[in-house]
There are 2 protein chains.
Amino acid sequence: MPEIKIENRIWIEKNGFPFIGNGRVTLLEYIHETGSMTKAAKKIGMSYKKAWELVKSMNAQASEPLVIKEAGGKNGGGTQLTQEGLRVITEFRKLEEKSKSFLVEEFEKCCIN
Amino acid sequence: MPEIKIENRIWIEKNGFPFIGNGRVTLLEYIHETGSMTKAAKKIGMSYKKAWELVKSMNAQASEPLVIKEAGGKNGGGTQLTQEGLRVITEFRKLEEKSKSFLVEEFEKCCIN
DNA sequence: ATTCGTTATGTTTATCAAAACATAACGCTA
DNA sequence: TAGCGTTATGTTTTGATAAACATAACGAAT
């Protein structure tokens, strides 16, 4: 029996440029978990450079920084999420979940198969 | 003042493979408008081969054909949508619209900026 | 001063999807 | 039979994106 399902992606743009989306939020989550961009990128399987560019983009667009980075010092430095960064994760994941369950309900009503 | 907005994409998968999405439905719409895969592809700015592959994929996965193609004959042939094809367009566009407006409402509640 | 593990950035290479190109087949018409 | 505009399909080329590689800078600790 064929498995049919509906999927969706949501993202936030600022001035037409990508600001917050699933990939970026996942990166934030791993940074929060590891305290390091290097470790987070490795866990995700993303190049450090890519992760750095994404974080740079998010911080530049946000009204206040989402992450704070330190190069050098004890343990070489590291990266921490701000309160705002944590809030963005929560809010975005909630939005994702709500829109997905709404969509699934609607999809069950209409019959495409 | 920075313009912030939320976007979304929805699509339907069958057995894990893409079945119906915005690009495919747009193609169906242009085929309906022009009566020809060649003309539809040209209008969209898509290669004929790509359009042909998408149509092949959709027809193969759907429970009944979405388009009917004829090669040769008067005017060289052409491609027509079936009733099911037309229905899929309508249903999908409705789903898109509903999920988008739901999402926009939810986004206005949460304050990411 | 040296070491260490980070962040910071530029340069090169690889990957892969899309486009471009090339032909064949089809079937009506003249 | 030749011509036409279409569908059908394989092959080659391109282009955009990500990965890989290479190096520098940073700052605390020893």
Side-chain angles (χ1 to χ4, degrees), chain A residues 7 9 11 13 16-62 65-82 85, chain B residues 7 9 11 13 16-62 65-82 85:
Chain A
E7 296 288 343
R9 274 294 160 89
W11 68 93
E13 292 184 2
F17 293 97
F19 173 34
I20 299 290
N22 173 67
R24 289 168 185 234
V25 168
T26 301
L27 177 59
L28 291 182
E29 287 166 341
Y30 276 86
I31 289 174
H32 181 56
E33 182 184 320
T34 61
S36 150
M37 281 171 44
T38 300
K39 288 178 191 149
K42 200 158 294 177
K43 277 207 169 183
I44 294 179
M46 173 188 288
S47 69
Y48 170 83
K49 186 189 174 73
K50 179 71 181 172
W52 175 80
E53 284 169 348
L54 292 177
V55 166
K56 184 185 174 190
S57 164
M58 283 188 276
N59 263 356
Q61 290 179 89
L66 305 184
V67 309
I68 292 183
K69 300 169 280 179
E70 274 179 39
K74 192 172 183 179
N75 299 324
T79 302
Q80 301 298 325
L81 291 207
T82 62
Chain B
E7 296 288 341
R9 274 293 160 88
W11 68 93
E13 292 183 2
F17 293 98
F19 173 34
I20 299 289
N22 172 67
R24 289 167 185 234
V25 168
T26 301
L27 177 59
L28 292 181
E29 287 166 341
Y30 276 87
I31 289 173
H32 181 55
E33 181 184 321
T34 61
S36 151
M37 282 174 41
T38 300
K39 287 178 191 148
K42 199 158 296 179
K43 276 206 172 185
I44 294 178
M46 173 187 289
S47 70
Y48 170 82
K49 185 188 174 72
K50 179 71 181 173
W52 176 81
E53 285 169 347
L54 292 177
V55 166
K56 185 185 175 190
S57 165
M58 283 188 277
N59 263 357
Q61 290 178 90
L66 306 184
V67 310
I68 292 184
K69 299 170 281 177
E70 275 180 36
K74 192 171 183 179
N75 300 325
T79 302
Q80 301 299 324
L81 291 207
T82 63

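Throughout, a chain's letter reflects where its sequence line sits, starting with A, and its residues are numbered from 1.
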Check your understanding: Does the side chain of B/Val55 reach to within under 4.5 Å of the side chain of B/Thr79, using non-hydrogen atoms?
Key -> no

Practice item. Would you indicate whether the side-chain heavy atoms of B/Arg9 and A/Trp11 approach each other to under 4.5 Å? Key: yes

Practice item. Would you indicate whether the side-chain heavy atoms of A/His32 and A/Leu28 approach each other to under 4.5 Å? Key: no

Practice item. Under 4.0 Å between any heavy atoms, over every strand shown, what does B/Ser36 touch: base, sugar-phosphate, or nothing? Just pick one. Key: sugar-phosphate

Check your understanding: In whole angstroms, how far is the P atom of D/dT7 from the NZ atom of B/Lys50?
Key -> 18 Å

Practice item. Quick one: pull up NZ in B/Lys56 and CE in B/Met37 and give me the separation to the nearest 0.5 Å. Key: 11.0 Å

Exercise for review: Hey, could you give me the OG/NZ distance between A/Ser36 and A/Lys69, rounded to the nearest 0.5 Å?
Suggested key: 12.5 Å

Check your understanding: Do any side-chain nitrogens or oxygens of B/Thr79 fall under 4.0 Å of OP1 or OP2 in D/dT6?
Key -> no

Revision key, fill the gap. Per atom distances to the A/Lys69 side chain, the nearest of C/dT6, C/dA8, C/dA19 is C/dA8

Check your understanding: Under a 4.5 Å cut-off applied to non-hydrogen side-chain atoms, are A/Leu54 and A/Met46 in contact?
Key -> yes

Exercise for review: Can you tell me the distance, in whole Å, between the CD1 atom of A/Ile44 and the C1' atom of D/dA18?
Suggested key: 14 Å

Practice item. Among B/Leu27, B/Thr82, B/Leu81, find the one that has a side chain to side chain contact (heavy atoms under 4.5 Å, CB included) with B/Val67. Key: B/Leu81

Review point. Between OG of B/Ser57 and CH2 of B/Trp52, what distance do you get to the nearest 0.5 Å?
Key: 11.0 Å

Practice item. Could you list by number each residue of residues 24-35 of chain B showing a heavy-atom separation from DNA chain C of less than 4.0 Å, or answer none if no residue does? Key: none

Check your understanding: Sequence neighbours excluded, which residues qualify as side chain to side chain contact (heavy atoms under 4.5 Å, CB included) partners of A/Glu70?
Key -> none

Check your understanding: Looking only at side-chain N and O atoms, does B/Lys39 come under 4.0 Å of OP1 or OP2 in D/dT6?
Key -> yes

Point to revise | Side-chain heavy atoms of A/Lys43 within contact of A/Lys39, under 4.5 Å | key: no

Point to revise | Interatomic distance where NZ belongs to B/Lys42 and P belongs to D/dT7 [whole Å] | key: 11 Å

Review point. What nucleotide, of D/dA19, C/dT6, D/dT7, holds the atom closest to the side chain of A/Thr38?
Key: C/dT6

**Study point:** Pairing residues for A/Thr26 by the side-chain hydrogen bond (donor to acceptor under 3.5 Å, both in side chains) criterion, not counting sequence neighbours
**Key:** A/Arg93

Check your understanding: Taking atom C1' of C/dC4 as reference, at what distance in whole Å does atom CD of A/Glu70 sit?
Key -> 16 Å

Exercise for review: List the protein contact pattern of nucleotides 21-30 of chain C with one symbol per nucleotide (5' to 3'): B for base contact, S for sugar-phosphate-only contact, - for none; contact means a heavy-atom distance under 4.0 Å.
Suggested key: -----BBS--

Exercise for review: Check DNA chain D against residues 52-61 of chain A and give the residues with a non-hydrogen atom under 4.0 Å, in numerical order.
Suggested key: none

Review point. How far does the helix from C/dA1-D/dT30 to C/dA30-D/dT1 bend, going by the axes of its first and last five pairs, to the nearest 10°?
Key: 20°

**Study point:** Interatomic distance, A/Ile68 CD1 vs C/dA8 P [rounded to whole Å]
**Key:** 12 Å

Check your understanding: Between C/dA19, C/dT7, D/dT7, which nucleotide gets closest to the side-chain atoms of B/Tyr48?
Key -> D/dT7

